Amino acid sequence: MKHLVAQLVNDALATLPKLARAAADLSIESTVERTRDASHGDFATNIAMRLAKPARGNPREVAASIVAALSDSADIDRVEIAGPGFINFHLSPAAFHAELQTILLRGEEYGRQAKKDRPKILLEFVSANPTGPLHVGHGRHASFGATVGNLLEAVGYPVHREYYVNDAGRQMDILGVSVWLRMLERDSIAVAFPEGGYRGDYIRDIAAAINTDGVASVSAESVRSGLPADAPEGDKEDYVDALIDRARALLGEAGFDHVRQQSLESIRDDIEEDLAEFGVTFDTWFSEQNLTKANRIDDALEVLRKRGMLYERDGATWFPSSDFGDEKDRVVIRENGNKTYFASDIAYHFDKLERGFDYLIDILGADHHGYTARVRAGLEAMGYNGDDLEVELVQFVTLYRGGKKMQMSTRSGEFDTLRQLRAEVGNDAARFYYVSRSNDQHLDFDLDVAKSQSNDNPVYYIQYAHARIASVFRQLAEKSLEWDNADGGAQLALLVEPQEKALMTSLSRYPEVIELSANNRAPQHLVHYLRDLANDFHTYYNAHAFIVDDAALRNARLYLISATRIVIANGLGILGVSAPETM
RNA sequence: GCGCCCGUAGCUCAGCUGGAUAGAGUACUCGGCUACGAACCGAGCGGUCGGGAGUUCGAAUCUCUCCGGGCGCGCCA
């Protein structure tokens with residue numbers, strides 16, 4: 001509907017060479033916006049004020065010349081110049097009726113744009129370390145990422161969702177050793193559990209379920225002898241490392257790997273199931289281990305080396321990221337020969353582009369903000385465009401229970417899981433609440449409030465509107481009446497009440513809201529829109545009966561609320577929230 | 001010290017590329033079911049948009065500066 005107005009303005013400008021020149025590098029569509037106040041019409045453009053200076057005119061005169069050049073349209077009732085030079089457009093009822101018909105015609109597809117071939121987007125999100133169950137912070141990443149993916153698809157982009165499984169490195173050894181110690185504990189071999197180990201109860205569950213074939217039995221003495229002290233007397237990292245060495249020595253590399261991989265798979269499966277139950281799925285689970293096995297890190301480093309982008313210093317290999325805007329250079333291969341996490345990161349992003357994706361979006365925790373510049377530097381040094389990587393940071397979630405802030409540390413085992421949260425507040429409320437705030441805003445999640453006031457949650461308000469509409473149609477059937485859809489579509493001129501006009505206006509905004517939310521990676525716009533739309537519907541519901549004796553009016557009103565049902569269902573679908581028929 | 005994010009009503013937050021009298025929810029005060037679902041609707045109360053300066057027709061929005069809060073600055077992952 002918006003570009004209907006933009007098109008008219010564009011056509012008018014085409015007949016005014018002087019203004020057209022001044023507007024050459026201006027997107028007309030971007031000057032057209034919905035009015036906040038109905039007395040200003042339906043749409044307004046500030047183009048006259050923006051052209052006044054380059055065209056050396058005064059805004060109101062520029063506006064007058066544009067208005068004079070506008071061609072007549074059945075969609076426009078009235079155009080006026082207001083304030084400092086706004087051009088206000090009052091659309092005709094017919095324009096809104098046509099939009100309603102489009103909604104009914106397109107149904108689930110309403111608000112979705114035609115599929116584009118490019119750019120192919122790789123959307124990476126959650127990517128929590130597979131060392132424990134997801135906690136409430138990950139829930140925000142999951143909801144935000146899934147919704148952004150849905151939005152991007154709705155505006156036509158091909159989207160590939162990926163979870164990067166950080167299943168390599170020392171943290172996997174710590175996981176393996178934590179499980180091993182719990183296994184020994186079951187065999188009554190008590191070893192002081194490391195401060196630096198994973199302490200959660202889930203480790204015991206994994207230990208209890210593990211397949212012990214090929215895992216050597218060991219004596220208590222052989223495990224305990226000669227271990228250094230753990231913190232606080234000793235160093236907790238030294239103690240964990242000693243335990244890892246001991247596990248390797250006693251179980252053999254294959255035996256330890258057996259424990260480690262089973263632990264990893266158990267946790268990874270749990271995460272996948274948890275997310276699937278939350279309505280969040282991925283196209284690929286990309287394993288860091290495979291990155292190493294396929295020599296992708298070496299491949300990436302080789303590209304850098306060939307381009308002269310590596311140098312040696314202090315026995316380590318460095319990447320001059322400061323040449324690309326990073327604050328300092330970064331090590332990629334340590335003095336001990338091990339590759340750094342940064343090396344695998346640039347290799348991973350290199351691999352994404354090599355797989356044929358045009359545009360990469362990473363959704364990361366706020367603590368990763370320093371990381372963007374380095375990875376971009378890596379991509380540029382390899383000859384790619386750093387701007388093809390977009391990083392969206394999600395601020396932290398602070399969980400409150402009983403008015404107290406909860407600590408969320410995986411290693412300490414004191415955390416609240418996404419599973420617990422979902423069980424307490426429900427998937428719909430959780431999905432909705434997580435994206436109702438801007439991602440760069442800290443989120444306070446008070447579990448007690450979410451539980452006790454769940455009926456006051458806006459998500460129910462919106463779902464209720466949907467269920468109410470479904471209920472109206474059930475009532476219609478009970479009264480042995482039928483909705484004549486075609487007649488309703490032909491009788492839309494009967495919808496003259498202010499609540500009907502307001503509802504039609506809100507409905508027609510939907511495609512614009514989807515586009516805005518997608519372009520800004522801002523699901524909260526959709527959330528607020530749906531809340532407003534539901535309010536328009538509830539107001540209408542309270543003001544007028546739909547099932548009236550006058551068949552023509554009844555058909556028209558049912559047509560309008562059918563359109564409302566479609567838009568609410570489509571919007572909730574993008575948020576990953578159900579649209580119930582009854583509540 | 002440097003960098004990123006944030007500061008809007010008592011509380012939790014919207015405010016789209018700068019636009020017209022700054023908006024919701026919640027709390028509080030009133031009013032509305034013999035009506036298709038009251039998990040609802042309507043009205044009221046409530047704001048120096050953290051402070052200051054600048055840019056311009058016009059600033060919550062952009063720039064600078066100060067104050068306050070969060071996070072990050074490893075040959076950790």
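Every chain is numbered from 1, with letters handed out A, B, ... down the list of sequences. Everything numeric in this text was worked out from a predicted model, so none of it was measured. Just so it is clear, the values below take in all heavy atoms, side chains as well, and ignore hydrogens, waters and symmetry mates.
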Which base sits across from A22(B) as a Watson-Crick or G-U pair, both distances under 3.5 Å? none
The side chain of Ser438(A) is closest to which nucleotide in this list: A14(B), G37(B), A20(B)? A14(B)
Let me know the distance between CD of Gln463(A) and P of G37(B), rounded to the nearest Å. 18 Å
P-based separation of G7(B) from C11(B) [nearest Å]: 15 Å
Between Thr317(A) and Glu312(A), is there a side-chain donor-acceptor contact under 3.5 Å, judged purely by atom types and distance? yes
Nearest-angstrom distance from the residue atom CG of Asp37(A) to P of A20(B): 10 Å
Can you give one letter per nucleotide of nucleotides 71-77 of chain B, going 5' to 3': B for a protein heavy atom under 4.0 Å from the base, S for sugar-phosphate only, - for none? BSSSBSB
Heavy atoms only, 4.0 Å cut-off, all strands: where does His538(A) land among base, sugar-phosphate and nothing? sugar-phosphate
Taking the six-membered ring for Trp, is the centroid-to-centroid distance between Tyr371(A) and Phe342(A) below 6.0 Å? no
Could you check whether Arg531(A) gets within reach of a base, just the sugar-phosphate, or nothing at all, counting any heavy atom under 4.0 Å? sugar-phosphate
Nearest of C41(B), U12(B), C16(B) to any side-chain atom of Leu516(A)? C16(B)
P-based separation of G68(B) from C16(B) [nearest Å]: 28 Å
Okay, side chain of Arg376(A), backbone of Phe324(A): is any donor-acceptor separation there less than 3.5 Å? no
Determine the contact category for His544(A): base if any of its heavy atoms lies under 4.0 Å from a base atom, sugar-phosphate if only primed atoms, P, OP1 or OP2 are that close, otherwise nothing. base
Answer for the Watson-Crick or wobble partner of U63(B), both distances under 3.5 Å, is A53(B)
Any donor-acceptor pair under 3.5 Å from Tyr163(A) side chain to Ala128(A) backbone: yes
Expressed in angstrom and rounded to an integer, what is the separation of Phe546(A) atom CZ from G37(B) atom P? 10 Å
Counting only side-chain heavy atoms from C-beta out, which of A20(B), C36(B), U12(B) sits nearest to Arg437(A)? U12(B)
Only counting residues at least two apart or in another chain, list the ones meeting ring pair (Phe, Tyr, Trp, His ring centres under 6.0 Å) with His538(A). Tyr461(A), Tyr464(A)
Has the side chain of Asp532(A) got a donor or acceptor atom sitting under 3.5 Å from an opposite partner on the base of A14(B)? no
Taking the P atom in each of C71(B) and U29(B), what is the distance between them to the nearest angstrom? 38 Å
Do Thr564(A) and Arg468(A) have a side chain donor and acceptor closer than 3.5 Å? no
Hunt down the Watson-Crick or G-U wobble partner of U34(B), both distances under 3.5 Å, from any strand shown, or write none. none
Can you tell me the base-pairing partner of G58(B)? Count Watson-Crick or G-U wobble geometry only, both distances below 3.5 Å, and say none if there is no partner. none
Work out how far the C1' atom of C67(B) is from that of G74(B), and round it to whole angstrom. 32 Å
Start at the 5' end of RNA chain B and walk down; is the nucleotide closest to Phe43(A) or to Leu393(A) reached first? Leu393(A)
Name the pairing partner of A27(B), where a pair is Watson-Crick or G-U wobble with both distances under 3.5 Å, or state none. none
With centres under 5.5 Å and planes under 30°, do His528(A) and A24(B) count as stacked? no
Distance check: side-chain N/O of Ser30(A) vs OP1/OP2 of U17(B), anything under 4.0 Å? no
Distance between C1' atoms of A43(B) and C6(B) (Å, rounded): 35 Å
Determine the interatomic distance between P on A14(B) and the same-named atom on C5(B); round to the nearest Å. 16 Å
For Asp298(A) and Lys339(A), what are the C-alpha separation, side-chain angles and deciding distance, and is it a salt bridge (Lys or Arg N to Asp or Glu O under 4.0 Å)? CA-CA 9 Å; Asp298(A) 294 332; Lys339(A) 284 142 204 154; 2.9 Å; yes
Asp329(A) (side chain) donor-acceptor with Ser322(A) (main chain) under 3.5 angstrom: yes
With rounding to whole Å, what would you report as the distance between G23(B) and A9(B) at their C1' atoms? 10 Å
When you match Asn46(A) and Asn535(A) each to their closest nucleotide on RNA chain B, which lands nearer the 5' end? Asn46(A)
For C16(B), the Watson-Crick or wobble partner whose two distances fall under 3.5 Å: none
Interatomic distance, His525(A) NE2 vs C13(B) P [rounded to whole Å]: 17 Å
Would you please confirm or rule out a distance under 4.0 Å between OP1 or OP2 of A38(B) and any side-chain N or O of Arg468(A)? yes
Between Thr539(A) and G42(B), does any side-chain N or O lie under 4.0 Å from OP1 or OP2? yes
Tell me whether the OP1 or OP2 atom of U17(B) has a side-chain N or O from Asn519(A) closer than 4.0 Å. no
Looking only at side-chain N and O atoms, does Gln441(A) come under 4.0 Å of OP1 or OP2 in G70(B)? no
What integer distance in Å separates Asn542(A):CG from C33(B):C1'? 10 Å
Work out how far the C1' atom of G15(B) is from that of A24(B), and round it to whole angstrom. 10 Å
Name the pairing partner of C71(B), where a pair is Watson-Crick or G-U wobble with both distances under 3.5 Å, or state none. G3(B)
Are Glu515(A) and Lys2(A) within salt-bridge range, i.e. N to O under 4.0 Å? no
Rounded to the nearest angstrom, tell me the gap between atom CD in Gln524(A) and atom C1' in C16(B). 10 Å
Got a sec, which residues hit salt bridge (Lys or Arg N to Asp or Glu O under 4.0 Å) with Glu288(A), two or more places apart in sequence or on another chain? none
Between C41(B) and Tyr541(A), is there a base-stacking contact, meaning the centre of the base's six-membered ring lies under 5.5 Å from the residue's ring centre while the planes stay under 30° apart? no
To the nearest Å, how far apart are Leu530(A) CG and C13(B) C1'? 17 Å
Heavy atoms under 4.0 Å, any strand shown: does Asp167(A) hit a base, just sugar-phosphate, or nothing? nothing
Judged by atom type as modelled, is there a donor-acceptor pair below 3.5 Å linking the side chain of Asn58(A) to the main-chain atoms of Glu61(A)? yes
How many Å lie between CG on Asn439(A) and P on G15(B), as a whole number? 10 Å
Nearest-nucleotide pick for Pro84(A), side chain only, options being C57(B), G37(B), C5(B): C57(B)
